[in-house]
Each structure stands twice: as structure tokens, then as C-alpha cells.
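Structure, as C-alpha cells:
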Amino acid sequence: MSCQPIVFSRRWCLHAAAILAITVASGQPGHAREPQTPAPDPLQAACTTLQATPMLQVSLLFGLNRPDGGHVSRRDWSRFVRDVVTPRFPAGFSVLRMTGQWRDEHSGRIIREPSRIIWVATPLDPDLRLRLEAIRQAYRQRFRQDAVGLVITPGCAAF
């Protein structure tokens with residue numbers, strides 16, 4: 001077997017460079033690139049069909065038992081909603097009375113407590129995260145709570 005170096009002519013090198021340049025520019029060997037069209041958004045299509053607007057469905061979950069054994073009173077809850085929630089969602093929201101249940105991670109016990117859910121249909125505004133976090137933080141501080149639940153689901157709304 002011979003170990004002779006392969007020698008390419010100048011003309012062959014120019015042709016190879018041209019083929020390589022065309023291949024790189026087209027993205028695929030031997031094929032022109034087709035423009036990419038975005039896939040249709042199924043939520044937008046559903047909202048349009050229902051004559052509604054894409055919105056987020058936000059649920060804030062509040063327990064009313066306090067760690068010291070007390071409870072958030074109706075008056076305290078009303079003031080919290082008036083002073084903290086309403087300024088951040090002046091267009092409106094709903095308050096649902098519920099009974100919540102959760103497992104205490106330290107004792108393993110099942111805890112049941114009266115609770116409230118604030119439900120808001122809202123567009124995804126740039127300041128939405130800040131408004132939601134302000135509500136959650138204010139409730140945790142005011143009533144010494146470990147957590148305020150947050151559930152966000154995309155949907156459609158018409159009013």
C-alpha cells in the first residue's frame with residue numbers, strides 16, 4: 001500500500017469550495033430552504049371561535065387558620081380584600097368560600113381549615129407577577145401564614 005499524498009488541482013479546490021458555500025447557505029444539501037410558518041395556536045383559535053379573548057385564570061388560595069390557633073376574622077378578610085386585592089385587580093374578581101385540606105409535612109397529620117379562593121380572569125400583563133406576589137406576600141405577613149397557593153391556567157374569557 002502506497003502512502004502517497006493526495007494532490008488536488010486548484011480548479012478542483014475552487015469547485016469544492018463553491019459547493020460547500022452553496023450547501024451551507026441553503027441549510028440542506030441540494031435543497032432550497034422553505035420558509036417556516038408558525039403552527040396555529042389552538043387556544044387563540046378556540047377563543048376566536050367562541051368570540052372570547054385569551055386570558056389567564058388565576059386562583060389564589062388562602063387558609064384562614066392562624067399558626068397561633070386563631071382565625072382570620074371576616075372583618076380582617078374584608079379589609080385585606082379591600083386594601084390589598086382590589087387595588088391590584090380593580091376590574092374585578094370572585095371570592096369563593098371553601099374548606100381546604102392539606103397534609104402537615106412535619107407531623108403528617110391531615111389539616112382541614114376554612115379557606116378562600118380569589119379567582120381572577122386577567123390578561124398576561126407585564127406587571128401581573130408583581131401584583132400577584134404583592135398579594136401573596138401581604139397575606140403571609142399580615143396573618144403569619146406559611147404559604148398562599150397560586151394556580152394559573154390559560155383560557156378564554158368574554159364579558
Side-chain angles (χ1 to χ4, degrees), residues 20-159:
L20 180 62
I22 291 169
T23 300
V24 169
S26 70
Q28 296 180 0
H31 295 21
R33 263 196 164 163
E34 294 182 23
Q36 296 289 329
T37 56
D41 179 3
L43 179 61
Q44 179 65 50
C47 292
T48 301
T49 299
L50 298 170
Q51 297 181 340
T53 303
M55 293 270 192
L56 295 176
Q57 299 174 56
V58 176
S59 297
L60 291 157
L61 315 170
F62 302 89
L64 299 180
N65 287 347
R66 297 175 101 166
D68 62 7
H71 301 281
V72 176
S73 69
R74 285 184 183 192
R75 174 187 256 178
D76 288 340
W77 173 256
S78 294
R79 287 180 182 162
F80 174 78
V81 170
R82 180 192 68 207
D83 298 342
V84 177
V85 181
T86 300
R88 288 171 176 84
F89 292 100
F93 52 88
S94 296
V95 177
L96 308 166
R97 290 179 169 203
M98 309 296 279
T99 299
Q101 176 177 303
W102 53 279
R103 181 185 304 272
D104 182 283
E105 65 183 47
H106 299 294
S107 70
R109 288 187 16 214
I110 299 295
I111 309 294
R112 290 177 185 83
E113 68 178 306
S115 59
R116 299 289 180 270
I117 296 176
I118 292 182
W119 186 85
V120 184
T122 183
L124 177 59
D125 292 329
D127 68 336
L128 179 60
R129 184 184 66 77
L130 295 174
R131 290 184 289 149
L132 293 171
E133 195 50 42
I135 293 168
R136 297 174 75 207
Q137 184 64 27
Y139 192 81
R140 286 191 298 257
Q141 287 178 347
R142 187 177 291 192
F143 302 112
R144 292 182 220 83
Q145 297 291 311
D146 291 331
V148 172
L150 173 65
V151 179
I152 301 173
T153 308
C156 303
F159 296 97

Could you tabulate the donor-acceptor pairs under 3.5 Å formed by side-chain atoms of residues 91-101, not counting sequence neighbours?
from: Q101; atom 1: OE1; to: R112; atom 2: NE; distance (Å): 3.1
from: Q101; atom 1: OE1; to: R112; atom 2: NH2; distance (Å): 3.4

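- Between the side chain of R140 and the backbone N or O of Q145 there is no donor-acceptor pair closer than 3.5 Å.
- Residue R103 comes nearest to G108 through the heavy atom pair NH1-O, 3.1 Å, listed as atom of the first residue, atom of the second, then distance.
- Between L150 and L61, the closest side-chain pair of non-hydrogen atoms is not below 4.5 Å.
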Counting only pairs under 3.5 Å, give me each side-chain donor-acceptor contact of residues 152-159, with atom names and distances, residues two or more places apart or in other chains.
none

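- A search for side chain to side chain contact (heavy atoms under 4.5 Å, CB included) contacts involving A46 returns nothing, not counting sequence neighbours.
- Listed by chain and number, the residues in a side chain to side chain contact (heavy atoms under 4.5 Å, CB included) with P123 are M55, D125 (sequence neighbours excluded).
- For residues 124-153, the pairs satisfying ring pair (Phe, Tyr, Trp, His ring centres under 6.0 Å) are F62-Y139, F80-Y139, Y139-F143, with sequence neighbours left out.
- Ion pairing between a basic and an acidic side chain is recognised when a charged N comes within 4.0 Å of a carboxylate O; R131 and D127 show such pairing.
- Taking both residues in full, the closest heavy atoms of S73 and D76 are given as OG-N, 3.0 Å, listed atom of the first, atom of the second, then distance.
- Surrounding CZ of R109 are at most 12 heavy atoms belonging to other residues, nucleotides or ligands under 6.0 Å away.
- With contacts defined as side-chain heavy-atom distances shorter than 4.5 Å, the pair T122/L128 qualifies.
- A salt bridge is absent between E113 and R66; no separation between the charged side-chain nitrogens and carboxylate oxygens falls under 4.0 Å.
- A 4.5 Å side-chain heavy-atom check between L64 and H71 finds every atom pair outside the cut-off.
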Set out, in order, the CA-CA distance, both residues' side-chain angles and the distance that settles salt bridge (Lys or Arg N to Asp or Glu O under 4.0 Å) for E133 and R88, then state yes or no.
CA-CA 11 Å; E133 195 50 42; R88 288 171 176 84; over 6 Å; no

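- Contact annotation: the side chain of Q57 never approaches that of V151 to less than 4.5 Å [non-hydrogen atoms, C-beta and beyond].
- One distance of note links CZ of R75 with OG of S78; it measures 9.5 Å at 0.5 Å rounding.
- A heavy-atom distance below 4.5 Å is found between the side chains of L60 and I135.
- Qualifying side chain to side chain contact (heavy atoms under 4.5 Å, CB included) partners for D146, counting only residues two or more places apart in sequence or in other chains: none.
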